[in-house]
Amino acid sequence: MLSALRTRGPLTRAQLAEQTNLSRATLSSIIQTLLSKQALAERRGEDPAGPGLRGRGRPVSVLTLNPAGGLALGIDLGQRRIQVTISNVAHEFVASGAIACAERTPWVRRVELALDLVDNLTTRHEISLTALAGVGVGIVGPVAADARSERVELVRETVSAWFGVPVYVDNNTRLAALAEAVWGAGSGVDSALYLRLSYGVGGGLVLGGRLFAGAGGAAGELGHISVDRDGPACPCGGRGCLERYVSLTTLQAQCSDILDARDQTARDLLADAGTRIGEVLAAACNTVNPEVVVIGGELAETGDHLFKPLEAALRRHTHSQVHRTVRVTRAALGPDAAARGGIALVLTTALSALDQEASRLCIPPRPSTSAGTGGTPSTR
Ligand SMILES: [Zn+2]
């Protein structure tokens, strides 16, 4: 149950019952125990968006983890921007800030800039990091699940030495995917496919509230699905990858006003890009059958000029059972999405001590499903 609150954020009692599969009486007794131990806090809140939602916006009583129970820090070491966001375990964002950095800034320097930013934010907002539970860091480029990468090791070791807490590193687009699934356009769903259309094209897959890594940590690399076997070579080693055709870099080379939909050339290029993207998404949707496809990045801001041809192609090429259930939507979070994803990674991965406490206090759920390990799929 603690794990559900940590991964999903504030929940009503009804939502908790749905998430944990516990009876009302059992749940009520566990909640009382945890409230008395101050592991939980109860407050009046807006009905949080999520499973079993009724009467959105109406004030209701929601349960959260005790906000004093710990902090999580998210850092995004982006291509041109460094973002830091701090949240408590009750999903309240307590500080956030960003600075620009040059594209070729070395990794050591990027980490230093991020640590300076953390220092500034904690001083300005009088935040003590003594209760810091972990740090989630997003970086550009692939992060293999097992292989040792100098870049990843440098980031992990420097940040971990600085704060003395567990540090989790992942690709920043994948972290943005996780954040959209927790707080953004995919909030409350169990399966979300995320596609980011920017200077590069990346993606991520979130299943049961958790980022799905795949065997090598590359699940959701939609930008490197080949759309033309005779197409241009791609740095990934492939040929004719989607990214070669629909990245902002490629499109801007053909039309500098690509984001200005008043331009007819831009509109034609966007329509063509939308169709290509829709075809690739169709294959991905037939494989995963997600509840929602979330599209982020600068190109998503062109709206219907991209989305209409995209959705038409997606529906044309998916199985009827797949396109009947999928919803395509624009990303809801801003430029701090990847840093928030770092926080979500800490909340879903770290803090295992709380999980142990939960399993000690909780009577095993019926039937013996995965309740208590977080992200229990709910059926709606
Ligand atoms: Zn490629």
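Quick caveat: nothing in here was measured; it's all calculated off a predicted structure. Each ligand, and each atom within it, is numbered from 1 in the order the structure gives.
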Contacts of the Zn ion (ligand 1) with protein N/O/S atoms, counting only those under 2.8 Å: His224 ND1, Cys234 SG, Cys236 SG, Cys241 SG
salt_bridge(Arg109, Glu112) N-O dist < 4.0 Å: yes
Other residues, nucleotides, ligands: >12 heavy atoms within 6.0 Å of Trp162 CH2: no
Cationic tip of Arg174 above Phe212 ring, under 6.0 Å, 45° of axis: no
Residues, nucleotides or ligands: over 12 heavy atoms within 6.0 Å of Gln264 CD: yes
Check against side-chain hydrogen bond (donor to acceptor under 3.5 Å, both in side chains), Arg81 and Gln83: CA-CA 6 Å; Arg81 192 168 176 282; Gln83 170 86 41; 3.0 Å; yes
Pair Thr250, Ser247: side-chain N/O donor-acceptor within cut-off below 3.5 Å: yes
